[in-house]
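Quick note on labels: first sequence line is chain A, next is B, and so on, each numbered from 1. Please read these numbers as outputs of a predicted model, since none were measured by experiment. Atoms considered below: every heavy atom in the structure, side chains included; atoms not considered: hydrogens, waters and symmetry mates.
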There are 2 protein chains.
Amino acid sequence: MTVRDVAAAAGVSPATASRALAGHTSVDPELARRVLRASSDLGYRANALARALRTQRTDTIGMVVPSISNPYFVAAVEAVEQVLADSDRALLLCDAREDTDVEASRIDLLVHRMVDGLIVVPVATDASAAALEHASRQLPVVQLDRFVDAAPTDFVGSDNAVGVGACVQHLRARGARRIAFVGARPTTSTAAERLRAFRDHVDEQECPDAWLLLGGFTAEWGRAAARSLLAGMEGGTGGGADLPDAIVCGADVIAVALVAELRAAGVQVPERVAIVSYDDSTLGALTVPPLTSVSQPVDAMAREAVRLLDHRRDHPGAAVHKSVFPPELVVRGSTA
Amino acid sequence: MTVRDVAAAAGVSPATASRALAGHTSVDPELARRVLRASSDLGYRANALARALRTQRTDTIGMVVPSISNPYFVAAVEAVEQVLADSDRALLLCDAREDTDVEASRIDLLVHRMVDGLIVVPVATDASAAALEHASRQLPVVQLDRFVDAAPTDFVGSDNAVGVGACVQHLRARGARRIAFVGARPTTSTAAERLRAFRDHVDEQECPDAWLLLGGFTAEWGRAAARSLLAGMEGGTGGGADLPDAIVCGADVIAVALVAELRAAGVQVPERVAIVSYDDSTLGALTVPPLTSVSQPVDAMAREAVRLLDHRRDHPGAAVHKSVFPPELVVRGSTA
DNA sequence: CTGAAAGCGCTAACAC
DNA sequence: GTGTTAGCGCTTTCAG
C-alpha cells in the first residue's frame, strides 16, 4: 500500500497523488477527488517513516521529566500528551530518575531520534545546563516548570513569587503569626524562587531561621522535616509553644508526608498547625485533611509549550521567549 | 554526517562501512578498524529514520495505559521505560483516558508509527478487544496486568487469586470475622479475578452481599463506598456494630480515599476497621496509616513484557504465552 | 571479502 | 497543473 498504488488507481502520477493527499491547492479539483477517493477505498496510510525521512519531521515530541513518580510531573505529561494527540502527534517520554547523567543521555537519545522538539523539566540548575544547551542547538527546546539560565531556550512556567505570596497572605488572614517553610534546596529554579519569595514575605519575627527547612522534593524529606519541627517543640517551653502556627510546603509530595507525620504525633491539622502547599496534585486532594495548595494551569502551560516549539521551528532565530502563568491558591481542609 | 562520509574517510565503500559499523564478521579486521576509527573521529551517528525505513525496525516500543494518573500504571510505565532505555530503545507513551475509543485511536497511532511492539493495559474486557486483535495482526502485542480473552496476544500479569487469598488470610489471622470488599465492577480481568477470588474465600456469614461493593478504580468510588458502608452502620444496631471488621480494597486509589472518608467519620483504622488493598503504590505508603497492600513485581513484569515482544518478533507463529507472577502482601499500619 | 547498485516510501525540484 | 526525476540515509542483495 504505497502512494504509487493510490496514484495508479486514480490514474495520476505519484507526485500528484502526494500533492492531493497533502491538500496542496495546485491540484485539479477533479483529480484531487479521484485521488482522495482511491486513497480511502484502498485504506491508504502514508508510511510515517518514509515521510519523516523525506520531510525531516517526525510528528513526535520528546519529553524528559525528573521523575515520573512525582504527581506534578505526571500531570504535566498527561497534559502534553493530550495536546499532542489532538494534533496527531506522539510523545516520546523519558524519565531522568533525578539524575543529570541519565537526563543527558535521554536528551541525547531523543535528539538522535529526531523528535521535532523537546520539552524538558530540568533536574538541576547547574548540571542540566550542558545537555540542554547542546540540544537547543539542534532542535527547538522548551524548558517547563523549572528554568536553567545557562541554557538559552524558551520557557513555560508559573509565577512562584505570586504563588508563595498568596500562601503567606492566606495564612496571615487565617490568623497565623509564626510560619515555617519546608521546601527543597535551591538546586532548581522553582525551589529557589519559592524560597526567595517566602523570605521576602516574612521577617525573622514571623519565621526564625530554624524554621526554614530545606531538603528535596520527596516524601522522605517531608517526614524528616516534620520530625525536626517536632524535636524543636520538645526542646521549647512545652505545650507545643515552639511549633509554628502554619507551614508553607514547597510541594504536595512534601506536604502529604509532613502532615502524616505531624498527625501521627498528635498535632492537629489545621487546628494547631495549618498547612499550605504547592502543586495541587491529585495526591493532595486525597489526604486527611485535603491540602490547601497552589494550583498551576497545567493544560494551558502544556499548550503553550507545544506552541512555542512549533513557533521556534518556523522561526529558529527568534528571541528566547518566557511564558509565565499566574498560579491560584485552592483552599481546602488543611487551612479550613 | 552520513555513512558515505565515514566510508570516504576510511577509504572504503559505504557498504563496507555499514557492515563494519553493524559488527558483521565478514569484514576484514583492518578495514573494520579503520571504519570504526573514522566513525568515532567524525562523531558519526547513524540516522535513525533512514535505518528504520530500511530495516523496518524503529527501536521504539509503544505503550497504552488506561490512565496515567493511576500510580500503579505509572509504576508500570516507569519500569518499562527503564528496561527499554537499557537496550537503547525508546517508549512512545499514550494515555487512553479510560476510554476505549481513545484507546483504539492511540493503538492505531502507534501501529502506524511502526513501533516494534505494543504493550497495552486494556481499558475494558469487551470494548478493547477489537483494537487489540487488529493490532496483534500487524505487530507483536503484549497485554499487561489486564487480559482481554478475545484478543489472542501474549500476556504478563500477576496472580490475583493468590493476592486476594493472602489478604483474606491475613485479615482472619488478625481476628477479623466480618469482611467487606470494595472493588471495581468486573469490566476488566483484574477486577473480575479479584472479585471472584474474594467470593471464593468468604461465605455469606463472613461477608453478606451488601458488603460486596463494586465501582471503578478511582478515588471517588473509594469515598462513595465508604459513605455507603457508614450509612449501613447507622441503620444497624448502633455503636458501629454493622460495620465490617475489615475491608479488602481492589486498588490503592480506592483504599486511600476510603480510609480518608472513614477516618473523617471518626472510624479508627486499623483498630475498628482494618484495611488491605492492592498495588502497593507510593500513594498507599504515604497515607495515615500506611496501607497494607498486595505488591506485584513490576520490574520483573516489565522485563518479561519486553522479552515477550522481542521473542514474538523472532517467532511470529509461536503459541500465545502468558506469564503470571506471584504477588506478595506487604503489611503496614492499616492492619498493624 | 568488497563494491556497485538498488530500493525502503515518500515529497520537492524541475521541467513541461 | 502535472509528470518525471532525484534523493532523504541507510542496508542489502548481487556480482565479482
Side-chain angles (χ1 to χ4, degrees), chain A residues 1-39 42-60 88-89 111-116 138-139 313-314, chain B residues 1-40 42-60 88-89 111-116 138-139 313:
Chain A
M1 232 348 34
T2 77
V3 235
R4 314 180 73 91
D5 298 317
V6 175
V12 300
S13 76
T16 300
S18 173
R19 283 190 278 251
L21 261 0
H24 280 221
T25 49
S26 56
V27 169
D28 184 294
E30 162 59 14
L31 290 190
R33 211 164 336 104
R34 285 204 334 244
V35 170
L36 263 14
R37 182 77 200 283
S39 161
L42 299 175
Y44 169 77
R45 305 276 301 272
N47 180 310
L49 256 34
R51 169 177 289 165
L53 178 60
R54 182 65 232 236
T55 60
Q56 306 285 30
R57 268 194 65 165
T58 52
D59 285 325
T60 303
D88 257 311
R89 290 183 279 186
V111 170
H112 183 228
R113 290 287 168 129
M114 312 217 280
V115 293
D116 294 337
Q138 329 251 335
L139 44 51
R313 202 167 55 73
D314 302 332
Chain B
M1 232 349 33
T2 77
V3 236
R4 314 180 72 91
D5 298 317
V6 176
V12 299
S13 75
T16 302
S18 174
R19 283 190 276 253
L21 261 1
H24 280 219
T25 50
S26 58
V27 170
D28 184 295
E30 162 59 15
L31 290 191
R33 209 161 339 105
R34 286 208 328 248
V35 170
L36 263 15
R37 182 75 199 283
S39 161
S40 73
L42 298 175
Y44 168 76
R45 305 275 300 270
N47 181 308
L49 256 34
R51 168 175 290 166
L53 178 60
R54 185 62 232 240
T55 60
Q56 307 284 29
R57 268 194 64 165
T58 52
D59 285 326
T60 302
D88 258 309
R89 289 184 277 186
V111 170
H112 183 225
R113 292 289 168 126
M114 312 218 281
V115 293
D116 294 336
Q138 328 251 336
L139 43 52
R313 200 167 51 74

Hey, what do you get for CG (A/L49) to CG (B/L49), rounding to the nearest 0.5 Å?
-> 5.5 Å

For B/V12 and B/A17, work out which heavy atoms get closest and say how close.
-> CG2-N, 4.0 Å

Heavy atom of residues 43-55 of chain B under 4.0 Å from DNA chain C: which residues?
-> B/L53, B/R54

Roughly how far apart are B/S39 OG and B/R34 CZ, rounded to 0.5 Å?
-> 14.5 Å

Counting only heavy atoms not in B/R313, do more than 12 sit closer than 6.0 Å to its CZ atom?
-> yes

Provide the full list of side-chain hydrogen bond (donor to acceptor under 3.5 Å, both in side chains) pairs with a residue in residues 23-32 of chain B, sequence neighbours left out, each pair given once.
-> B/E30-B/R33

What are the two closest non-hydrogen atoms of B/L42 and B/A9, and how far apart are they?
-> CD1-CB, 4.0 Å

If you look at every heavy atom in B/T58 and B/V115, which pair is closest and at what distance?
-> OG1-CA, 3.6 Å

Got a second to check how far B/T60's OG1 is from A/R113's CZ, nearest 0.5 Å?
-> 4.0 Å

Residues from residues 2-25 of chain A sitting under 4.0 Å of DNA chain C, heavy atoms only?
-> A/T2, A/V3, A/A15, A/S18, A/R19

Minimal non-hydrogen separation, B/V6 against B/V35, with atom names | CG1-O, 3.8 Å

If each end axis of the helix from C/dC1-D/dG16 to C/dC16-D/dG1 is fitted on five C1' pair positions, the angle between them, to 10 degrees, is 40°

Residues pairing under side-chain hydrogen bond (donor to acceptor under 3.5 Å, both in side chains) where one sits in residues 44-57 of chain A, two or more places apart or in two chains, turn out to be A/R45-B/D108, A/R45-B/H112, A/R57-A/D59

Go through DNA chain D in 5' to 3' direction and return only the first and the last nucleotide with some atom under 4.0 Å of chain B's heavy atoms.
-> D/dG9 to D/dT13

Nearest heavy atoms of B/A32 and B/A20, plus distance in Å = CA-CB, 4.0 Å

